[in-house]
2 protein chains.
Amino acid sequence: MKGNIILNQLKVVCSLCSLRELCLPIGFGAEELQQLDVLTGSKRLVKRGEYLYRSGAKFSSIYAIRGGFFKTSVIHEDGREHVTGFHMMGDIMGLDAIATGSHACDAVALEYSEICELPFDKLSELSMAMPVLHQNLHRIMSREIAFDHEIMLMLGKMKAEERLAAFLLNLSQRFSARGYSAVSFQLRMTREEIGSYLGLKLETVSRIFSRFQEEGLIEVQKKLIELKDAPGLKRLIRGLS
Amino acid sequence: MKGNIILNQLKVVCSLCSLRELCLPIGFGAEELQQLDVLTGSKRLVKRGEYLYRSGAKFSSIYAIRGGFFKTSVIHEDGREHVTGFHMMGDIMGLDAIATGSHACDAVALEYSEICELPFDKLSELSMAMPVLHQNLHRIMSREIAFDHEIMLMLGKMKAEERLAAFLLNLSQRFSARGYSAVSFQLRMTREEIGSYLGLKLETVSRIFSRFQEEGLIEVQKKLIELKDAPGLKRLIRGLS
DNA sequence: CACGGATTATGACTTAGATCAAATCATTTC
DNA sequence: GAAATGATTTGATCTAAGTCATAATCCGTG
């Protein structure tokens, strides 16, 4: 049946390119799908340590992560760097650049990664014709805003232990949503990058990991983390301020 | 001329309702303008201390501030409140609710305010037909994301003095962009709310205001602030970390 | 306009996390 | 695979900002 063909093509397009985020709720016509093809052309491999884009660079595309791991960070004039986020499969990066037309942060691959470049003018044009795409673009941007507010609460109000616990639980939840283990995963970033993200020094991060281990909450072996007591971590964030 | 009539109508629509943000770059047809009228109907007055919306409430509209002053804040389960932003004339609130369909934060008027309610489904529908509106919606959301990243840097990396200096300069810049004085303005929030926004305690805010005054950087009289040495404040943020 | 609850200012003291330092452990690189 | 470089852990201090306490001041309301 024609419907099935279309559906299959959609699945290919979406899974091919992590467009899941952008177009999962299906409801496309045939010619709309052809148009979507325009977007899937430009895949790109990014090696560990390589920049996907740099602050100040002209904005032309947003990027969907097919696989791998990225950090984004803003740099203050005096050189201080602050990590604003860690990003994995399915996440969209570069949305903060739409407003000014140039990127406001750096995006660096923390491991060998594959991304899908989505030219924003094409995407924007397309989304005029495809309500679902349009909707999802808004949804994704809105989600980022809401999540950033959670981070602001964390940076402004939580103490070091709570931040680390929230960080680990967030990672766990995101890995699990992508089909990986929720209790055992490899950190792709250094203690310093975790600290930068959480507003702490690397020594503090290290010390608290050790303490969590002593308390039986987690098992740490350098970058390998095992959550032994997720409810315990959750309790840490809530109760004892 | 017909063109002029349309232009005038547009100006009315926009200024009437702080839609400036949403549709300034003009280029509308007559019937599009009529559609825009749909949006301008619902104005609302909000008294000091009143909630515009509460966390958890069903999302249906975003809000443009015509006049007045708001704070938005997220509340943690244990009761801790964190102020995520202060908002004034022309600002758009409620964008973080699109993703989930319910509001993620509280919005409270800090003085007698007037807002314009923009039903999001209508706005969304309209923006499908009006590229300019569509573009500007993206721009506004993107700007908020980028700004939130700046705040994250502030909360994560700057010390108390720097945060206060950045805060005052940001307020100054925003007042001045709206035609008010850049050097003299009334704070509409308490020291505690400033502290909550900046990740500091109210005593610290108070102390640093006093110190700034001793150093001749500002003049404070309760809520009235006068910037005496804006370059000095800027230097504070940059140089001496 | 006087009362009472917020709000602000300031001092004395405490503390969580930063800083400094050193030792170990891991990973590149040649 | 040895050397070099980078990442992590842990300990010993230090300090910026938090906490606690008190007084002064400012509204808002009856």
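The chains referred to below are lettered A, B, ... by the order of the sequence lines, with proteins before strands, and numbering in each begins at 1. Heavy-atom basis, side chains included; hydrogens, waters and symmetry copies ignored.
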>> Consider ring pair (Phe, Tyr, Trp, His ring centres under 6.0 Å). Of B:Phe147, B:Tyr197, B:Phe70, which one does B:Phe86 pass it with?
In response: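 Between B:Phe86 and the candidates, ring pair (Phe, Tyr, Trp, His ring centres under 6.0 Å) is satisfied uniquely by B:Tyr197.
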> Who are the ring-ring contact (aromatic ring centres under 6.0 Å, His included) partners of B:Phe175, not counting sequence neighbours?
Replying inline: B:Phe185
> Hey, are A:Glu226 and A:Ser184 close enough side-chain-wise for a donor-acceptor pair under 3.5 Å?
Replying inline: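 Checked: A:Ser184/A:Glu226 side chains show no N/O donor-acceptor pair below 3.5 Å.
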>> Reading DNA chain D from 5' to 3', where do the contacts with chain B start and stop? Cut-off is 4.0 Å to heavy atoms.
In response: D:dA17 to D:dG28
> So what is the end-to-end bend of the helix from C:dC1-D:dG30 to C:dC30-D:dG1, with 5 pairs used at each end and the value given to 10 degrees?
Replying inline: 60°
>> Can you say whether a donor on the side chain of A:Arg163 sits under 3.5 Å from an acceptor on the base of C:dG17, or the other way round?
In response: no
>> Rounded to whole Å, how long is the line connecting atom NZ of B:Lys157 with atom C1' of C:dA18?
In response: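 Taking atom C1' of C:dA18 as the reference, NZ of B:Lys157 is at 13 Å.
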> Roughly how many Å is it from CD1 in B:Ile208 to P in C:dT8, rounded to a whole number?
Replying inline: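 Atom CD1 in B:Ile208 sits about 15 Å away from atom P in C:dT8.
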>> Side-chain N or O of A:Thr204 versus OP1/OP2 of C:dA18: is the shortest distance under 4.0 Å?
In response: yes
>> Does C:dT8 have its OP1 or OP2 closer than 4.0 Å to a side-chain nitrogen or oxygen of B:Lys223?
In response: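 Yes, B:Lys223 has a side-chain N/O under 4.0 Å of OP1/OP2 on C:dT8.
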> Taking all non-hydrogen atoms of both residues, which atom of A:His87 and which atom of A:Thr72 are closest, and how far apart?
Replying inline: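 Nearest heavy atoms, A:His87 then A:Thr72: NE2-OG1, 2.8 Å.
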> Residues two or more places apart in sequence or in another chain: which of them pass side chain to side chain donor-acceptor pair (under 3.5 Å) with B:Arg191?
Replying inline: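 Testing B:Arg191 for side chain to side chain donor-acceptor pair (under 3.5 Å), a comparison that skips the adjacent residues, returns none.
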>> Run the side chain to side chain donor-acceptor pair (under 3.5 Å) test against B:Ser60 and tell me which residues pass, sequence neighbours left out.
In response: none
> Within a reach of under 6.0 Å around CD of A:Glu77, are more than 12 heavy atoms found that belong to other residues, nucleotides or ligands?
Replying inline: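 Enclosed: over 12 neighbouring heavy atoms sit under 6.0 Å from CD of A:Glu77.
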>> Let's see if you get this right: which residues in residues 184-203 of chain A place a heavy atom under 4.0 Å from DNA chain C?
In response: A:Gly199, A:Leu200, A:Lys201, A:Glu203
